[in-house]
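Please read these numbers as outputs of a predicted model, since none were measured by experiment. Computed over heavy atoms, backbone and side chain alike; hydrogens, waters and symmetry mates excluded.
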Amino acid sequence: MGQIEIVGLGAGTLNQLPLGIYKKIIRTEKPVYVRTLDHPVIRQLQSEGVTFSSFDVTYETYERFEEVYREIVSDLLAASETESIMYAVPGHPMLAESTVKLLLEQTEREVKIAGGQSYLDDLFTTLEIDPIDGFQFIDATGFDRNQLNFRNHLIFSQIYDAFTASNVKLTLLEDLPADYRVTIVEAAGTDNEDVRVIALEDLDRSMEISNLTTLYVPPVPPTLQNHTFTRLREIIAALRAPDGCPWDRVQTHESLREHAIEEVYEFVEAVDEEDDEGMIEELGDVLLQVMLHSQIGEDDGYFSVEDVIQTLTEKMIHRHPHVFKDIVVDSVDDVYKNWDELKKEEKGATRTSIFDGIPKHLPSLLKSYKVQKKVAKETAEMGIDRLWETIDEKLTLLRSLDVDPGDIEPILGQLLFEVVHLSRYHEINPELALSQAVNRYMEKYEKQ
């Protein structure tokens, strides 16, 4: 079996090609393969007698770049089955070259990286930026919005065509204003270098696309990142800082308890009213409580919001083995069953009662609802007929003329408990049902 030797063709012209790589290509007796013939160095080397076999036709065969790259690697492995070959790629082999990465991952052939020159040095010089300040080098043909750090210098390579440019633009517009200024660099470091600053919205309208096209997005100021988690955390930390807000600075976990309860109920109200804008605002207020408690924990040296997020993430992964592992579920009931078993596994010996985990300060209706759900999992359900009989018994006692006044409260309590039982039988949350009834009563009263 042959070896695959990979060389880089440099940034753009023969002058940017390292002398050693130039000699290696000129003198080789191996077949030389290239991803594409559309590169200035290749045309210059062809004029000196070097023959190349390209994969340009492969790009026309498939719609997705991932498929193109895998086909190229497959062809290279086949070509090197009986002889050693040279594979030449633009720039440096280890910079934004998916085919090289795939070749290094396979074990069928020996792969040797001979080197090359990256165009990044010329690009940094052209843009007058220092990469030590932080930068991301991004493959425009395949990236995720969540991986972008807008505090860095962002450099998008491999913008092969208008379609790719349009995808990049639409993704960036999720976070940046349409008039945000970005820079297009063509053929960095060559005699044909062209630098243009344009509005982001014009990215796919006013640029000539080629293999030497690069997009530069400068670091985004904090004022344009108010929708990001990092910015929110900074704001909360500033509020709690020594020179921050006097009210936020004196808050404790205990002092914020009532606010957390209020914000959740205000969110529920927005849900009941089907108020999307209200839900956005109230979810923000709920998140504020999470952030304040987390910042207090960090200020006191006990925990941070990263601890909160990590605990939640690991819990969700552990409690959803049907999503993240190979467990199979057939229904929602199976999910509930798995959830309960996994909760028991997590808590271990720390819980000795079936009622452990029910908050002590829950509103009584909701607490009753949860208690009954716990018991129902351990005992047989009361039939609906027997349930109505029990409710009728309590109502008869309350209507009795000789009932002791001191017994009215416990009888009413038992009646309410059975009403909660009835609501759970019909899978209705009694807290929400009563809240909606009160709201309807208030509306009706005000219309009188």
Undergrad: Are the side chain of Asp307 and the backbone of Ser304 linked by a donor-acceptor contact shorter than 3.5 Å?
TA: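 Yes; at least one donor-acceptor contact below 3.5 Å.
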
Undergrad: Using a 3.5 Å distance criterion without hydrogens, assess whether the side chain of Glu263 forms a donor-acceptor pair with backbone atoms of Gln289.
TA: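 No; zero donor-acceptor contacts below 3.5 Å.
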
Undergrad: If you round to the nearest 0.5 Å, how far is CG of Leu76 from CG of Leu103?
TA: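 It is 5.5 Å, given to the nearest 0.5 Å.
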
Undergrad: Would you check if the side chain of Ser255 reaches a backbone N or O of Gln251 as a donor-acceptor pair within less than 3.5 Å?
TA: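 Flag not set: sc Ser255 to bb Gln251 has no pair under 3.5 Å.
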
Undergrad: Is it the case that atom CD in Glu254 sees more than 12 heavy atoms from other parts of the structure closer than 6.0 Å?
TA: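 For Glu254, atom CD is crowded (more than 12 foreign heavy atoms under 6.0 Å).
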
Undergrad: Do Ile72 and Leu102 touch side chain to side chain, with heavy atoms closer than 4.5 Å?
TA: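 SC-SC contact between Ile72 and Leu102 ruled out.
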
Undergrad: Looking at Asp56 and Arg35, is any side-chain nitrogen of the basic one under 4.0 Å from a carboxylate oxygen of the acidic one?
TA: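 No, Arg35 and Asp56 are not salt-bridged.
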
Undergrad: Regarding Asn167 and Thr164, do their side chains bring together a donor and an acceptor under 3.5 Å, going by distance alone?
TA: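 The criterion, which ignores hydrogens and geometry beyond distance, is not satisfied for Thr164 and Asn167.
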
Undergrad: Any chance you could measure Thr214, atom OG1, to Ile138, atom CD1, to the nearest 0.5 Å?
TA: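 Here the rounded value is 12.0 Å.
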
Undergrad: Where do Gly116 and Pro93 come nearest, in terms of heavy atoms and distance?
TA: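 Heavy-atom minimum between the residues: N-CD, 4.3 Å.
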
Undergrad: Give a yes or no on this: more than 12 heavy atoms of other residues, nucleotides or ligands lie within 6.0 Å of atom NZ of Lys370.
TA: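 Not more than 12 within 6.0 Å, no.
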
Undergrad: For a ring pair (Phe, Tyr, Trp, His ring centres under 6.0 Å) with Phe135, tell me which candidate from Phe156, Phe150, Phe124 qualifies.
TA: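 The passing option is Phe124.
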
Undergrad: How long is the gap from CG on Leu203 to CG on Leu173, to the nearest 0.5 Å?
TA: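 Reported value, rounded in 0.5 Å steps: 9.0 Å.
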
Undergrad: Any chance you could measure His421, atom NE2, to His426, atom NE2, to the nearest 0.5 Å?
TA: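 Answer for the NE2-NE2 pair, His421 versus His426, is 10.5 Å.
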
Undergrad: Is the side chain of Thr28 donor-acceptor paired with the backbone N or O of Ile25 at a distance under 3.5 Å, no angle test?
TA: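 Checked: no pair found.
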
Undergrad: Would you name the heavy atoms of Thr183 and Val197 that are closest together and state the gap between them?
TA: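 Taking Thr183 first and Val197 second, the nearest heavy atoms are OG1-CG2, 3.8 Å.
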
Undergrad: Over 60° means perpendicular and under 30° means parallel, so tell me whether His320 and Phe324 are parallel, tilted or perpendicular.
TA: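 Perpendicular: the ring planes of His320 and Phe324 meet at over 60°.
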
Undergrad: With a 4.5 Å heavy-atom cut-off, do Pro31 and Glu83 have their side chains touching?
TA: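 Contact flag for Pro31/Glu83 side chains = yes.
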
Undergrad: Is there a donor-acceptor pair closer than 3.5 Å between any side-chain N or O of Gln106 and the backbone N or O of Glu108?
TA: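 The answer is yes, because a donor-acceptor pair under 3.5 Å joins these two groups.
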
Undergrad: Is there side-chain contact between His39 and Val34, with at least one heavy-atom pair below 4.5 Å?
TA: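 Of all side-chain heavy-atom pairs linking Val34 with His39, none is under 4.5 Å.
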
Undergrad: Indicate the ring-plane relationship of His153 and Tyr216, choosing parallel, tilted or perpendicular according to the 30° and 60° boundaries.
TA: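 Parallel.
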
Undergrad: Take Val182 and Leu154, measure what side-chain contact (heavy atoms from CB on, under 4.5 Å) needs, and give me the verdict at the end.
TA: CA-CA 10 Å; Val182 298; Leu154 300 183; over 6 Å; no

Undergrad: Using every non-hydrogen atom in the two residues, find where His293 and Phe303 come nearest and quote the distance to one decimal.
TA: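 The pair with the smallest heavy-atom distance is O-CZ, 3.6 Å.
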
Undergrad: Give a yes or no on whether the backbone of Met291 and the side-chain of Gln295 come within a donor-acceptor separation of less than 3.5 Å.
TA: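 Pair absent, no side-chain N/O of Gln295 close to backbone of Met291.
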
Undergrad: Sub-3.5 Å donor-acceptor pair from the side chain of Asp139 to the main-chain atoms of Thr141, do we have one?
TA: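 Flag set: sc Asp139 to bb Thr141 pair under 3.5 Å.
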
Undergrad: Tell me yes or no: between the side chains of Tyr119 and Ser157, is some donor less than 3.5 Å from an acceptor?
TA: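 The criterion, which ignores hydrogens and geometry beyond distance, is not satisfied for Ser157 and Tyr119.
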
Undergrad: Between atom CG of Asp194 and atom CD1 of Ile184, what is the distance when rounded to the nearest 0.5 Å?
TA: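 CD1 of Ile184 is found 10.0 Å from CG of Asp194.
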
Undergrad: More than 12 heavy atoms of other residues, nucleotides or ligands under 6.0 Å from CZ of Arg70: yes or no?
TA: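 Counting neighbours around CZ of Arg70, 12 or fewer heavy atoms of other residues, nucleotides or ligands fall under 6.0 Å, so no.
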
Undergrad: Show your working on side-chain contact (heavy atoms from CB on, under 4.5 Å) between Glu282 and Val264 and close with a plain yes or no.
TA: CA-CA 8 Å; Glu282 300 306 335; Val264 171; over 6 Å; no

Undergrad: Do Leu224 and Tyr180 pass the side-chain contact (heavy atoms from CB on, under 4.5 Å) test, and can you show the C-alpha distance, the side-chain angles, and the key distance before you say yes or no?
TA: CA-CA 10 Å; Leu224 294 180; Tyr180 194 73; 4.0 Å; yes

Undergrad: Restricting to non-hydrogen atoms, name the atom on Ser54 and the atom on Leu37 that form the minimum distance, rounded to 0.1 Å.
TA: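 Shortest heavy-atom contact: CB-CG, 3.5 Å.
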
Undergrad: Around Gln147, counting heavy atoms of other residues, nucleotides and ligands shown, do more than 12 lie under 6.0 Å from its CD?
TA: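 Check passes, neighbour count above 12.
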
Undergrad: To the nearest 0.5 Å, tell me how far Asp248 CG sits from Ile235 CD1.
TA: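 So the gap between those two atoms works out to 11.5 Å.
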
Undergrad: Take Val32 and Lys30 through the test side-chain contact (heavy atoms from CB on, under 4.5 Å) and record every step on the way to the result.
TA: CA-CA 6 Å; Val32 183; Lys30 305 173 185 175; 5.5 Å; no

Undergrad: Heavy-atom distance under 4.5 Å between the side chains of Leu14 and Leu45, does that happen here?
TA: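 Yes, their side chains come closer than 4.5 Å.
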
Undergrad: Salt bridge check: are Arg240 and Glu298 linked by an N-O gap of less than 4.0 Å?
TA: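 A salt bridge is absent here (no side-chain N lies under 4.0 Å from a carboxylate O).
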
Undergrad: Should Val305 and Ile236 count as side-chain neighbours, where that means a heavy-atom distance under 4.5 Å?
TA: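 No, every pair of side-chain atoms sits at 4.5 Å or beyond.
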
Undergrad: Below 30° counts as parallel, above 60° as perpendicular, anything between as tilted: where do the rings of Tyr87 and Phe55 land?
TA: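 Answer is perpendicular, since the angle exceeds 60°.
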
Undergrad: Keeping Ser435 on the side-chain end and Glu431 on the backbone end, is there a donor-acceptor pair under 3.5 Å?
TA: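 Checked: no pair found.
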
Undergrad: Could you check whether any side-chain heavy atom of Leu176 comes within less than 4.5 Å of a side-chain heavy atom of Val217, counting everything from C-beta outward?
TA: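 The answer is yes; the side chains approach within 4.5 Å.
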
Undergrad: When you compare the side chain of Phe137 with that of Ser118, does any pair of heavy atoms fall below 4.5 Å?
TA: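 No; the side chains remain at least 4.5 Å from each other.
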
Undergrad: On a heavy-atom basis, which atom in Val185 and which in Leu127 lie closest, and how many Å separate them?
TA: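 Scanning both residues, the minimum pair turns out to be CG2-CD2, 3.8 Å.
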
Undergrad: Quick check on Arg145: does its CZ atom have over 12 non-hydrogen neighbours (other residues, nucleotides or ligands) under 6.0 Å away?
TA: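 Counting other residues, nucleotides and ligands, CZ of Arg145 exceeds 12 neighbours.
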
Undergrad: Is a donor on one side and an acceptor on the other found under 3.5 Å between the side chain of Ser166 and the backbone of Phe163?
TA: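 No, because the side chain of Ser166 does not come within donor-acceptor range (under 3.5 Å) of the backbone of Phe163.
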
Undergrad: Consider side-chain hydrogen bond (donor to acceptor under 3.5 Å, both in side chains). Of Arg109, Glu110, Lys112, which one does Gln3 pass it with?
TA: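 Of the listed options, the one satisfying the test is Glu110.
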
Undergrad: Can you name the nearest heavy-atom pair linking Gln158 to Ala140, along with the distance?
TA: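 Smallest interatomic distance, heavy atoms only, reads O-CB, 4.0 Å.
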
Undergrad: Is the number of heavy atoms from other residues, nucleotides or ligands within 6.0 Å of CD (Glu48) greater than 12?
TA: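 More than 12 within 6.0 Å, yes.
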
Undergrad: In this structure, are over 12 heavy atoms from other groups packed under 6.0 Å from Glu29 atom CD?
TA: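 Incorrect, the count does not exceed 12.
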
Undergrad: Do Leu123 and Ile129 touch side chain to side chain, with heavy atoms closer than 4.5 Å?
TA: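 Not in contact.
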
Undergrad: When Leu148 is tested against each of Leu172, Asp175, Val220 for side-chain contact (heavy atoms from CB on, under 4.5 Å), which residue passes?
TA: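 Of Leu172, Asp175, Val220, side-chain contact (heavy atoms from CB on, under 4.5 Å) with Leu148 is met by Leu172 alone.
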
Undergrad: CG of Asp191: more than 12 outside heavy atoms within 6.0 angstrom?
TA: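 Incorrect, the count does not exceed 12.
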
Undergrad: Less than 4.0 angstrom from a charged side-chain N to a carboxylate O is my criterion; do Glu234 and Arg231 meet it?
TA: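 Yes.
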
Undergrad: Where the side chain of Thr126 meets the backbone of Asp122, is there a donor-acceptor pair that is under 3.5 Å apart?
TA: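 Between the backbone of Asp122 and the side chain of Thr126 there is a qualifying donor-acceptor contact (under 3.5 Å).
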
